[in-house]
Amino acid sequence: MEFALLTYPGLHFFLKWLHVFFGLLWIGHLYYFNFTQGAFMAQADAATKSQATQKLVPIALWWFRWGAMWTFVTGLLMLHTAGYVGFSLQGDWGVKILTGGIFGILMWFNVWFIIWPHQKVIIQSATQVAGGGQPIPDVPARAARALVASRTNTLFSIPMLFYMLAGAHLPIQMDVANSTTYYIAFLILVGALEFNAIKGKLGPMATVKGVVSSGFALTAVVYLMMELIL
Ligand code: HEM
């Protein structure tokens, strides 16, 4: 008797299960920050805000960033195990998964190298002020940068999920011989958006409605690029 989980397809499935578990943990917190906590902080008085920044935000950020890390790790492992279940990065599955994966990898980068470093300083400053000390002067600038990165991740999460799911579940007829042209166009588009995440402004991402509708629009643009170029 053979146990399904002890085969390569079983291992790939097991990783996928963990991947979706960690993905939920990560993106659930991302949406909590962007849809719920932001609106709460905008109404809260200074003392409540300080308490939340010192006691609530660090816990939420812990689950958030480790969710991101393990989603990323299990995703990379699946890029490897996929070869054993008949998927190839050179085929149509690869184009769809790499499209979703590039969004996901940029999001992981934004969590660990932009949002978390700035948030650490914001939490440190709130703790200092609560202890009678001075605030750290560049906190408003750091909060603004972390917000643009966080909103960009919310923007990316919408096409990211579309392409993660499309990989195995949306058959798209494509001529992968043109994939270089597609990847160049796609990387220019996401590169510009990621540049904006690092240096730019909120623009339409300033509101929840704006960022969600932009996410659907971005999904449509990438989908059309894929259908028309490939
Ligand atoms: C961080 C970078 C990421 C990488 C490198 C990555 C990679 C992958 C790969 C290789 C698969 C292959 C599944 C298959 O077709 O057999 C996959 C599936 C999946 N990923 Fe990701 N992923 C990432 C982020 C995310 C995030 C943030 C989510 C959010 C929940 C997510 C959700 C999913 C889901 C739901 C599937 C299953 C799709 C199916 O049913 O086939 N991924 N991912």
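- Contact between R145 and I198 at its shortest, heavy atoms only, is NE-O, 3.0 Å.
- Side-chain contact annotation: Q173 with D92, donor-acceptor N/O pair under 3.5 Å absent.
- Side-chain atoms of Y84 and T7 form no donor-acceptor pair, as typed in the model, at a separation below 3.5 Å.
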**Asked** So L61 and F33, side-chain contact (heavy atoms from CB on, under 4.5 Å) or not? Walk me through it.
**Response** CA-CA 9 Å; L61 279 171; F33 286 127; 3.8 Å; yes
**Request:** Take Q37 and L56 through the test side-chain contact (heavy atoms from CB on, under 4.5 Å) and record every step on the way to the result.
**Result:** CA-CA 10 Å; Q37 187 183 285; L56 171 73; 4.2 Å; yes
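- The local environment of OH in Y31 is crowded, with over 12 non-hydrogen atoms from other residues, nucleotides or ligands closer than 6.0 Å.
- V190 and L89 fall within the same hydrophobic cluster, where Ile, Leu, Val, Met, Phe, Trp and Tyr residues are linked whenever their side-chain heavy atoms come under 4.5 Å apart, directly or through other members.
- I184 and V221 are not part of a single hydrophobic cluster, where members link through side-chain heavy atoms under 4.5 Å apart.
- Scanning all heavy atoms of the two residues, the minimum distance from L11 to T81 falls at CD2-CG2, 3.8 Å.
- The backbone N or O of T71 sits less than 3.5 Å from a side-chain atom of H19, completing a donor-acceptor pair.
- Heavy atoms from other residues, nucleotides or ligands lying under 6.0 Å from CH2 of W112 number more than 12.
- Side-chain N or O atoms of S125 include none that pairs as donor or acceptor with a backbone N or O of V121 at under 3.5 Å.
- Scanning all heavy atoms of the two residues, the minimum distance from M41 to A52 falls at CE-CB, 3.7 Å.
- Side-chain atoms of N34 come within 3.5 Å of backbone N or O of L30 as a donor-acceptor pair.
- With hydrogens and angles ignored, the 3.5 Å screen pairs no side-chain donor or acceptor of T48 with any backbone N or O of A44.
- Taking both residues in full, the closest heavy atoms of A126 and T53 are given as CB-CG2, 3.8 Å, listed atom of the first, atom of the second, then distance.
- No salt bridge links D45 with K49; every basic N to acidic carboxylate O contact stays at or beyond 4.0 Å.
- No more than 12 heavy-atom neighbours from other residues, nucleotides or ligands sit within 6.0 angstrom of CZ on F14.
- Taking all atoms of both residues into account, the shortest heavy-atom contact from M226 to T99 is CE-OG1, 3.4 Å.
- Between H29 and Y32, the ring planes lie perpendicular to each other; the angle is over 60°, past the 30° to 60° tilted range.
- M225 and F216 fall within the same hydrophobic cluster, where Ile, Leu, Val, Met, Phe, Trp and Tyr residues are linked whenever their side-chain heavy atoms come under 4.5 Å apart, directly or through other members.
- Annotation: side chain of M107 is in contact with side chain of I27 (closest heavy-atom distance under 4.5 Å).
- Side-chain atoms of R151 come within 3.5 Å of backbone N or O of M205 as a donor-acceptor pair.
- In this pair, F113 and W108 present their aromatic rings perpendicular. The plane angle is above 60°, beyond the 30 to 60° band.
- In this structure, the side chain of Q54 does not engage the main chain of T127 through any donor-acceptor pair within 3.5 Å.
- Atom CZ of F35 sits in a crowded spot, with more than 12 heavy atoms from other residues, nucleotides or ligands closer than 6.0 Å.
- Side-chain polar atoms of T219 and Y163 form no donor-acceptor pair below 3.5 angstrom.
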**Request:** Test I158 against L218 for side-chain contact (heavy atoms from CB on, under 4.5 Å), laying out the working first.
**Result:** CA-CA 8 Å; I158 296 170; L218 178 59; over 6 Å; no
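- Across all non-hydrogen atoms, the minimal contact from M164 to I97 is O-CD1, 3.8 Å.
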**Request:** Under the ring pair (Phe, Tyr, Trp, His ring centres under 6.0 Å) rule, what do F103 and F186 come out as? Steps first, then yes or no, please.
**Result:** CA-CA 10 Å; F103 278 122; F186 175 68; 5.3 Å; yes
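- For S150 (side chain) and L147 (main-chain N/O), no donor-acceptor pair under 3.5 Å exists by modelled atom type.
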**Request:** Kindly indicate, with the supporting measurements, whether the criterion side-chain contact (heavy atoms from CB on, under 4.5 Å) is fulfilled by L18 and W70.
**Result:** CA-CA 8 Å; L18 290 180; W70 288 105; over 6 Å; no
